[in-house]
Amino acid sequence: MKVGITLPQFRPTADASLAAARASEAAGLDGVFVFDHLWAIGNPDRPARNAWPLLGALAGETERVVLGTLVARVSLLPNAVLAHNLETLHRMVGDRLVAGLGAGDRLSVAENLAVDVPFPSADERLADLADACRRTCALGITTWVGGLSGRIHELALAEGVVLNLWGVEPDRVAAVTDVEVTWGGPTPKDADATADLLRRLEVAGASWAVLGPPFIADDDPRRAVEMVGEAVAALR
């Protein structure tokens, strides 16, 4: 199982994200992932670094780790623009890119409305998500779809892409046997608890574990990366 983190991008500058990415590479982690939000969920006064220029900066700051979106939401950009952004990154970093895609949910509505982008119905967003998957797969980009609903699971199966489950217990990962599954979720506060979580996810069959807030978003993200590196070393 590969292990990555989400980056601390809800900051006034990109400095913490770039530092955490460099630390992740030095610590032997496998990947770093960015959110696609205009602000931290539930906190519109908290800044967020835009995913696309941040990924471009990360392409120049790293050499080995996978770079990914977790997840890019289909309702924020037209699919042609979304695919163009990902194609550009793919030309820069090749197989180091993962296109994590999602349909969004009710927590995303305010972000869309704030920038005068309509928030389509669930059926429309799922159709857009399937189209986006076809576009990224046609470009040869590794593609994940994020979501907990049965319809997202069915879409992953139909489109032949990876299913990402956020915040679930390892037992739920183990219950999925018909598609490749990756996991994302909160990071425990210490290396032992993190190593235990990673062991359970590996046994459950997850191909990736992506550790995210709250701990990775703390004031010292590089120390958080070191802790995750210690947990990964214990796992391996």
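No hydrogens, no waters, no symmetry mates; every other heavy atom, side chains included, goes into these values. Predicted model only: the values in this text are computed from it and were never measured.
Every salt bridge (Lys or Arg N to Asp or Glu O under 4.0 Å) that E87 has, sequence neighbours left out, goes to R91.
With salt bridges taken as basic N to acidic carboxylate O contacts below 4.0 Å, one links D123 and R151. Residues E63 and R96 are not paired through a salt bridge, judged by the lack of any N-O separation under 4.0 Å between the basic side chain and the carboxylate. A salt bridge links R223 with E226; the closest basic N to acidic carboxylate O contact falls under 4.0 Å.
Counting only distance, with no hydrogens or angles, the side chain of D30 and the backbone of G4 share no donor-acceptor pair below 3.5 Å. At distances below 3.5 Å, at least one donor-acceptor pair connects side-chain atoms of R125 with backbone N or O atoms of A103.
The aromatic rings of F35 and F10 sit parallel, their planes meeting at an angle under 30°, below the 60° perpendicular limit.
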field: Evaluation steps, side chain to side chain donor-acceptor pair (under 3.5 Å), between E25 and T62
entry: CA-CA 7 Å; E25 195 156 73; T62 62; 4.6 Å; no
task: Could you go through the side chain to side chain donor-acceptor pair (under 3.5 Å) check for S108 and E111 one step at a time?
output: CA-CA 6 Å; S108 309; E111 289 183 281; 4.8 Å; no
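Annotation: side chain of E159 is not in contact with side chain of V145 (no heavy-atom distance under 4.5 Å).
Other residues, nucleotides and ligands contribute more than 12 heavy atoms inside 6.0 Å of the CZ atom of R22. In this structure, D95 places its CG atom where only 12 or fewer heavy-atom neighbours from other residues, nucleotides or ligands lie under 6.0 Å away.
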